[in-house]
Amino acid sequence: MTDVIRTSITESTQKVFGLSTEDMPAVDIQFTPDITMGDYAVPIGFVLAKKLRTAPDRIAQTIAQNLQGPFRAEAVKGYVNVTMDDYWWLDRLSQGFISYPQYSGKVLVEYVSANPTGPIHIGHGRGAVVGSVLANLLDRVYDFADSEFYVNDAGEQIRKFCKSVEIRIRELKGEDVELPEDAYHGDYIVDIAKSILDRYNWDTLSEEEQWNVLWNDAVDMMRKWHKETLEKLSVTMKVWTSERLIRQEGWPERAIQLLQDKGYAYEKDGALWFKSTLLGDDKDRVLVKSNGEYTYYLVDIAYHMEKIHRGYNVLVNVWGADHIGHVPRMNAALTALGFPDCLTVVLVQTVRFWRQGVAVAMSKRKGEFLTLDELIDEIGKDAARIMFITRSVDATIDFDIEGAKQKAMDNPVYYIQYACVRAKNILTRTDERQFGSSLGFDPHERTLLRLLNAFQERMALAVRKLDPFVIESYAWELSDAFHKFYQFDRVIGSEYENARWQLVERFTQVMEELFTLLGIEKLERM
RNA sequence: GCGCCCGUAGCUCAACGGAUAGAGCGUCGGCCUCCGGAGCCGAAGGUUGGAGGUUCGAGUCCUCUCGGGCGCGCCA
């Protein structure tokens with residue numbers, strides 16, 4: 001919301017230097033490094049120096065002298081520094097700051113998508129939080145955005161999982177059976193086995209019926225568990241899509257047909273291949289194995305086809321960085337199917353966990369992991385959520401579990417929430433406030449004002465980078481500015497009470513909006 | 001060997017190609033008769049892994065190089 005500066009600079013520059021619209025470079029408006037230098041800085045002199053063959057400081061000076069607008073302008077080196085008039089800020093305050101860039105598109109954010117063969121562990125947590133914040137954000141920016149969990153309830157891992165439950169059932173019934181090395185060893189398998197024995201008269205079931213129970217009930221229990229865990233983390237999925245259904249509804253066959261029709265499929269060595277090298281992949285990929293089974297890749301292509309069929313045209317997938325190799329393949333497939341550029345994969349780097357300097361092994365088979373449930377129980381939902389997004393998705397997180405528990409109070413979430421609590425406290429205490437007439441914003445107030453005023457462009461940046469970290473750091477910066485304002489500027493009883501009260505109110509509104517995006521609680525007291 | 005991510009303060013990490021590279025944690029020293037001290041102020045701490053290049057300007061872009069992570073199946 002700095003269009004007034006951009007317009008003014010553009011007009012003035014064109015007039016003074018006789019530049020046409022095409023000759024006019026993009027006007028970049030940034031924060032001054034120090035608020036005492038002004039609210040905004042425009043490095044226009046540097047940009048035009050070559051074209052005009054004039055020194056940057058001369059250009060900036062000339063432009064600054066000829067600027068017209070609700071601000072004071074001053075040239076420093078090649079910069080034009082701009083300080084907005086107090087009444088302009090007051091006007092911005094009365095309008096409010098929450099507005100989003102608007103794009104057209106129906107968005108589906110797919111994330112977590114853990115196999116229903118074990119509990120959700122903290123490694124999944126990062127993707128869960130990143131995905132949910134992105135869905136919240138994109139829902140405000142696009143036509144709408146839905147969250148989806150893809151349940152891999154078909155395939156080899158599930159078969160192994162069911163087998164593991166079955167062995168535990170037999171064990172519970174007194175049989176002397178041994179759990180194979182490659183089976184799932186976690187205690188939860190025993191719990192599921194017990195629960196199934198509670199519900200069914202196991203021995204009276206035929207072998208086929210038994211397998212159906214495992215295949216349906218055991219998997220369903222895992223899915224419910226996943227849902228509960230995610231909801232404890234304020235992660236709500238709108239859609240749970242079953243891989244089995246994708247297969248049953250014939251999507252893989254449709255995908256094969258389409259790829260064949262478009263000339264992207266060929267047979268070799270008894271298998272059906274996708275000519276993905278035509279579309280940027282480094283080698284061709286198998287769609288149907290020589291034994292007739294579909295590859296996971298084919299089913300995934302089919303799944304994405306089905307997403308598009310449901311009407312989504314902006315697909316966002318949040319994947320762990322270990323799936324990097326899958327990205328070019330997926331893009332190649334969607335391009336082949338006629339939907340280029342519709343998928344964006346957000347790669348979330350790994351979270352490595354340490355306990356007293358030793359890396360914590362995360363093995364699902366052996367049942368060794370810290371579950372997300374345990375983490376949430378230990379440090380709380382809000383602290384857990386923030387933990388995963390105080391780093392950009394590109395950065396690996398090194399996370400000391402013991403340290404995090406001990407120093408839970410150092411979590412930035414409390415800094416943010418505390419700022420909001422302080423602000424609300426002022427608002428609730430000033431029911432019969434005086435409407436003072438004094439006007440004039442000091443550096444602490446201006447720092448807060450220009451940050452609030454950056455709401456829309458910060459959200460645009462978050463969308464561009466598809467990174468919740470942008471939102472979290474914005475919330476942190478706002479809180480930082482607020483704490484400093486709070487420390488130095490008294491609101492209640494001040495001669496500036498009216499303007500300051502509005503500032504506090506707008507701050508609270510923006511923060512609550514950010515809390516909603518981030519999925520953390522708005523507190524009245526702490 | 002190839003592809004992607006990362007390398008910045010003691011540690012964990014920021015910084016749309018812009019001014020004096022910033023926070024948190026840790027260390028040291030200050031601030032409540034005053035809207036909540038879960039806060040604020042200050043000090044110490046840096047050759048942005050290294051070498052070239054691009055340009056008015058490089059932590060950021062390009063090339064090379066060193067170090068760490070992940071991935072390179074008719075697995076999922």
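FYI, side chains are in, hydrogens and waters are out, and symmetry mates aren't considered; it's all heavy atoms of this structure. A, B, ... follow the sequence lines: proteins, then strands. Residue 1 opens every chain.
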Atom-to-atom span, CD1 of A/I386 to P of B/C13 - whole angstrom: 17 Å
Distance, rounded to the nearest Å, where A/R391 contributes CZ and B/A23 contributes P: 16 Å
Greater than 12 external heavy atoms within 6.0 Å of A/D341's CG: no
Phosphate OP1/OP2 of B/C32 contacted by A/Y486 side-chain N/O (<4.0 Å): no
Separation of the P atoms in B/A44 and B/A21, to the nearest angstrom: 14 Å
Sugar-phosphate, base or nothing in reach of A/D281, heavy atoms under 4.0 Å: nothing
Can you pull every protein N or O that's under 3.5 Å from an N or O on nucleotides 55-61 of chain B?
| unit_1 | atom_1 | unit_2 | atom_2 | d |
| --- | --- | --- | --- | --- |
| B/C56 | OP1 | A/K50 | NZ | 3.3 |

Minimum heavy-atom distance between A/L503 and A/L452, given as atom pair plus value: CD1-CD1, 3.8 Å
Sugar-phosphate only, base, or nothing, as touched by A/I324 at under 4.0 Å among non-hydrogen atoms: base
Rounded distance in Å between the C1' positions of B/U60 and B/G3: 22 Å
Anti/syn call for B/C34, syn if |chi| within 90°: anti
N or O in side chain of A/Y418 less than 4.0 angstrom from B/A38 OP1/OP2: yes
Within 45° cone of A/F482 ring axis and under 6.0 Å: A/R422 NZ or CZ: no
Side-chain donor-acceptor contact under 3.5 Å, A/D284 with A/T277: yes
Sugar-phosphate only, base, or nothing, as touched by A/R490 at under 4.0 Å among non-hydrogen atoms: base
Mutual orientation of the aromatic rings belonging to A/Y266 and A/W273 [parallel < 30°, tilted 30-60°, perpendicular > 60°]: parallel
For A/F31 against A/A454, the heavy-atom pair lying closest together: CZ-CB, 4.2 Å
Partner set under side-chain contact (heavy atoms from CB on, under 4.5 Å) for A/P25, not counting sequence neighbours: A/V47, A/L48
Nearest-neighbour nucleotide for the A/W476 side chain, B/C40, B/U20, B/A23 considered: B/A23
OG1 on A/T83 to CZ on A/F441, rounded to 0.5 Å: 13.5 Å
A/T241 and A/E148 side chains, donor-acceptor separation under 3.5 Å: yes
Any donor-acceptor N/O pair under 3.5 Å between B/A38 base and A/N411 side chain: no
Short side-chain N/O contact from A/R525 to OP1 or OP2 of B/A38, under 4.0 Å: no
Side-chain donor-acceptor contact under 3.5 Å, A/D489 with A/Y496: no
Touch class at under 4.0 angstrom, heavy-atom based, for A/Q417 against every strand present: nothing
Spacing of A/I29 atom CD1 relative to B/A19 atom P, expressed in whole Å: 17 Å
Qualifying residue for side chain to side chain contact (heavy atoms under 4.5 Å, CB included) with A/K424, from A/R429, A/E505, A/E512: A/E512
Pairs involving residues 318-328 of chain A, ordered by first then second residue, that meet side-chain hydrogen bond (donor to acceptor under 3.5 Å, both in side chains) (sequence neighbours left out): A/D300-A/H326
C1' spacing across the pair B/G52 / B/U20, given as an integer number of angstrom: 27 Å
Sugar-phosphate only, base, or nothing, as touched by A/A423 at under 4.0 Å among non-hydrogen atoms: nothing
Which residue lies more 5' along RNA chain B, comparing A/V76 with A/Q487 via nearest heavy atoms: A/V76
5' precedence on RNA chain B between A/T32 and A/T350 (nearest-nucleotide basis): A/T32
Write down the protein N/O and nucleotide N/O pairs, taken from nucleotides 73-76 of chain B, whose separation is under 3.5 Å; answer none if there are no such pairs.
| unit_1 | atom_1 | unit_2 | atom_2 | d |
| --- | --- | --- | --- | --- |
| B/G73 | OP2 | A/K283 | NZ | 3.4 |
| B/C74 | O2 | A/S290 | N | 2.9 |
| B/C74 | O2 | A/S290 | OG | 3.0 |
| B/C74 | N3 | A/S290 | OG | 3.2 |
| B/C74 | N4 | A/D269 | O | 3.0 |
| B/C75 | OP2 | A/K289 | NZ | 3.1 |
| B/A76 | OP1 | A/K289 | NZ | 3.4 |
| B/A76 | OP2 | A/Y296 | N | 3.2 |

Ring pair (Phe, Tyr, Trp, His ring centres under 6.0 Å) assessment of A/W240 paired with A/Y150: CA-CA 6 Å; A/W240 294 70; A/Y150 180 48; over 10 Å; no
Spacing between A/D322 atom CG and B/C4 atom P, to the nearest angstrom: 18 Å
Rounded interatomic separation in angstrom, taking OH from A/Y414 and C1' from B/G37: 18 Å
Pairwise P distance, B/U47 and B/C11 [rounded to whole Å]: 12 Å
Criterion side-chain hydrogen bond (donor to acceptor under 3.5 Å, both in side chains) on A/Q157 and A/Y184, from CA distance to verdict: CA-CA 10 Å; A/Q157 291 309 314; A/Y184 289 93; 2.7 Å; yes
Euclidean distance for P, B/C5 against B/A14 (whole angstrom): 14 Å
Residues A/Y294 and A/E253: side-chain donor-acceptor under 3.5 angstrom: yes
B/A15 phosphate, OP1 or OP2, under 4.0 Å from A/K465 side-chain N/O: yes
Distance, rounded to the nearest Å, where A/R422 contributes CZ and B/C35 contributes P: 10 Å
Between A/D153 and A/S242, a side-chain donor and acceptor under 3.5 Å: yes
Sugar-phosphate, base or nothing in reach of A/S473, heavy atoms under 4.0 Å: nothing
Stems involving RNA chain B, each a run of at least 3 consecutive Watson-Crick or G-U pairs under 3.5 Å: B:1-7 with B:66-72, B:10-13 with B:22-25, B:27-31 with B:39-43, B:49-53 with B:61-65
Sugar-phosphate only, base, or nothing, as touched by A/V504 at under 4.0 Å among non-hydrogen atoms: nothing
Pairwise P distance, B/G37 and B/G71 [rounded to whole Å]: 49 Å
Rounded interatomic separation in angstrom, taking CD from A/Q30 and P from B/U20: 13 Å
Whole-Å gap separating P (B/A15) and OH (A/Y474): 17 Å
Donor + acceptor pair across side chains of A/N115, A/T117 (<3.5 Å): no
Identify the pairs formed between an N or O of the protein and an N or O of nucleotides 5-8 of chain B at a distance under 3.5 Å, and give each distance.
| unit_1 | atom_1 | unit_2 | atom_2 | d |
| --- | --- | --- | --- | --- |
| B/C5 | O2' | A/D394 | O | 2.8 |

Distance between P atoms of B/C35 and B/G42 (Å, rounded): 23 Å
B/G73 to B/G67 separation - C1' atoms, rounded to the nearest Å: 29 Å
